[in-house]
Number of protein chains: 2
Amino acid sequence: MSRIEKPADSEPARNPSRAGKPTLKTIAEMTGLAITTVSRALGNAPQISENTRRRVHEVAAEIGYLPDRAAQRLKTGRTNVISVLLDPHEEILGFGTSIMHGLARALQTTPYHLIVTPNFLDGSNVDAVNYIIRNGMADGLIFSRTEPFDPRVRLLLENGFPFVTHGRTEFSTPHAFVDYDNYAFAYEATKRLIVKGRRKVTIILPPKRLTFHQHMLHGFMTAVREAGIAYEIPDTLDLDSPADMIRDYVRRRSGEPDPPDGFACPGEVSALATITGMSDQGLTLGAEYDIVAKQTSLLLSQIQPKVETIYEDLKAAGEAMGQLLLQRIAGEPVEDLTILQSPQFGFPTP
Amino acid sequence: MSRIEKPADSEPARNPSRAGKPTLKTIAEMTGLAITTVSRALGNAPQISENTRRRVHEVAAEIGYLPDRAAQRLKTGRTNVISVLLDPHEEILGFGTSIMHGLARALQTTPYHLIVTPNFLDGSNVDAVNYIIRNGMADGLIFSRTEPFDPRVRLLLENGFPFVTHGRTEFSTPHAFVDYDNYAFAYEATKRLIVKGRRKVTIILPPKRLTFHQHMLHGFMTAVREAGIAYEIPDTLDLDSPADMIRDYVRRRSGEPDPPDGFACPGEVSALATITGMSDQGLTLGAEYDIVAKQTSLLLSQIQPKVETIYEDLKAAGEAMGQLLLQRIAGEPVEDLTILQSPQFGFPTP
DNA sequence: CGCCGCACGGAAAACGTTTTAAATTCTGTG
DNA sequence: CACAGAATTTAAAACGTTTTCCGTGCGGCG
């Protein structure tokens, strides 16, 4: 029954911004326990009796206690933060936002917060990665648009920093990733064009430096060879090209001899641009030509149902990445932490 | 020349995750100064001589010192965090991402980080706001899609918590906001349709509960009344309606008697949906009907240049919101912290 | 010489948590 | 009834800052 010595009760007003915010000390005083015990009880440590554990939890819930993240972070060195590297190319069509919603859902029941680190520089955002590793700004990293030997991945691997990419690499050291099976997409899309009776197919590929350029090319070429059909691949264009450039290219090409009449479009914008370019030439979708597009939002199918689409569920990808990252942070072996999303041929479930 | 008493040098290995990270102590030892002095020198406190101030800065730069955010936050109660409330409706067309890029640019040279708090619930995200206020998760808040008496705004005002909205409210207490002049947009768009010789105009408005519904309606009606032209306003539809619903509505309506032939579309998706619906009826843009649309990305003008557009620069809005929020956090009076972006009639500068 | 004021710098406490090491109580046994 | 050992609980130190309150040293003034 030791009484507290401090005369106290002067109440030095503390930091006004968080006045009255309950802390472990508050609970300790209310229950008559020591701060240590309260901390342990809340952490469900084994050496606390079931009785006090329950009592502490009750009081904590009652006064709405929430641990101070700053103090936890300072003490433990863990930030409880997941950082997303946002690429300028993801601005269009909610790519970034879909992934983030998925991520946020995965982190919803965890103590993790999502912070976004945008990339302002031109090149890859390896500087941002370096900054985050060096200064312990996060416990894990998420990013997309990987290159075969992505310098960000190299850096993270070297430092043993947890991360999950959207897209694969070709490093011999494995790492966690979620990727869409773009081989299957391109193969399937091309085959569908062929089945529709198209004479000559084409595809707008992602920039050459990105890993999935190869995957798509491979899927496309496999379908082409199997069918022995004519094809062409524009080499002045890629998926990052501005829509008007794609539109103009399509328009010009379709006025020249022997134009393609089957388009595999791995992006909604490129599909829309193609439609416009073709209709500028008086050609109509479904009649003179066909498009099979990758769809990442509801936009395309709702606006232009005559475009056939194959869905990529980015929100699901985000959620998966979040889960993998949590496992990765928990130290699970990397081998099991890879997911290849299959193209979904049905309609997405919203 | 007091020597340190501690036998020390046992080096208890510390937290492995941040081993070797330089702290104030590191600099103190290197310069022979006290931790206090180093802290002051880096904070450019007045009572430090120019000489030591410079020396400390040099050493800090040399070893790449960065203050520990957790410790700062714990000590000062400031989080150095700005939180963005992300609404599910912003998923499409990079709304969220544009705003965030703008914000990030505004915060680039400050100690502030951007964290995104997505809204999972159906209603407004007032719970998230409450959580953030109660637990001091951020120093300031950014969100959009305000209602005239937005409960989030009310809550924040009551608590004196710094925030900037995208969109106005009708509270008598003023607050910081950035808004687009949607009155001017609707007025101008409608007038352009009239100038083109359209007989009957229509507009797809945002949901009634949002403040800018009224603004747009007002602009539209003003132009209509000035010209004494026929008009109609669909009441089963709003800007949040799925694109296929808009498309189907437009298609059906244009098959009925006395259809509108001038469309003001305050969203790119609704413009695309309108085009599709009309062309399903064999009607062509620029001939039988016209559209003036609000454009928030390069998408529309690049894909379909025949749509006339009025630009809203969301990235600039984000940047402005960031700046306002910083000023608001610094305690500047709210009266000066309101910005009304004028519609830009030229082409956006990327 | 004594004292004040000033410029500069430092010691120590605090923020709220986790963790280490130790103290206290409880149990059963000899 | 004492005591080993388990079962609980606790005190205190740390994490890296900021901040409050003091100590120097020094020049000048009476």
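Being a predicted model, the structure only gives us computed values, none of them experimental. A note on names: the letters A, B, ... follow the listed sequences, proteins ahead of strands, and every chain is numbered from 1.
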A:Asp68 side chain to A:Ala70 backbone, donor-acceptor under 3.5 Å: yes
Residues two or more places apart in sequence or in another chain: which of them pass ring-ring contact (aromatic ring centres under 6.0 Å, His included) with B:Tyr131? none
When the distance from NZ of A:Lys75 to C1' of D:dC15 is rounded to whole Å, what number comes out? 5 Å
In this structure, how many angstroms lie between the P atom of C:dC15 and the NZ atom of A:Lys21, rounded? 13 Å
Rounded distance (Å) that lies between atom P of C:dG16 and atom CG of A:Leu66: 14 Å
Which whole-number value in Å describes the distance from B:Leu42 CG to D:dT19 P? 14 Å
Pairs involving residues 317-328 of chain A, ordered by first then second residue, that meet salt bridge (Lys or Arg N to Asp or Glu O under 4.0 Å) (sequence neighbours left out): A:Arg105-A:Glu319
Can you check the A:Asp68 CG to C:dT18 P distance for me, whole Å? 10 Å
Report the distance from atom CG of A:Leu24 to atom P of C:dT17, rounded to the nearest whole Å. 4 Å
Report the residues that fulfil ring-ring contact (aromatic ring centres under 6.0 Å, His included) with B:His175, sequence neighbours left out, ordered by chain and then residue number. B:Phe163
Please enumerate all residues that pass salt bridge (charged side-chain N to carboxylate O under 4.0 Å, His left out) together with A:Arg55, with sequence neighbours excluded. none
Distance alone, cut at 3.5 Å: any donor-acceptor contact between the side chains of B:Thr146 and B:Thr165? no
Measure CZ/A:Arg54 against P/D:dT8 and give the value in whole Å, please. 14 Å
Residue list, salt bridge (charged side-chain N to carboxylate O under 4.0 Å, His left out) with A:Glu50, at least two apart or on another chain: A:Arg53
Interatomic distance, B:Asn80 CG vs C:dC15 C1' [rounded to whole Å]: 15 Å
Applying salt bridge (charged side-chain N to carboxylate O under 4.0 Å, His left out) to B:Asp139 and not counting sequence neighbours gives none
Expected rows: protein N/O vs nucleotides 8-10 of chain C N/O, under 3.5 Å:
{"residue": "C:dG9", "atom": "OP2", "partner": "B:Ser49", "partner atom": "N", "Å": "3.3"}
{"residue": "C:dG9", "atom": "OP2", "partner": "B:Thr52", "partner atom": "OG1", "Å": "3.2"}
{"residue": "C:dG10", "atom": "OP2", "partner": "B:Ala34", "partner atom": "N", "Å": "2.8"}
{"residue": "C:dG10", "atom": "OP2", "partner": "B:Thr37", "partner atom": "OG1", "Å": "2.4"}
{"residue": "C:dG10", "atom": "O6", "partner": "B:Arg40", "partner atom": "NH1", "Å": "2.9"}
{"residue": "C:dG10", "atom": "O6", "partner": "B:Arg40", "partner atom": "NH2", "Å": "2.7"}

So for the helix from C:dC1-D:dG30 to C:dG30-D:dC1, with five pairs setting each end axis, what is the inter-axis angle to 10°? 80°
OP1 or OP2 of D:dT18 sitting under 4.0 Å from any side-chain N/O of B:Gln72? yes
With A:Asp336 via side-chain hydrogen bond (donor to acceptor under 3.5 Å, both in side chains) - residues at least two apart: none
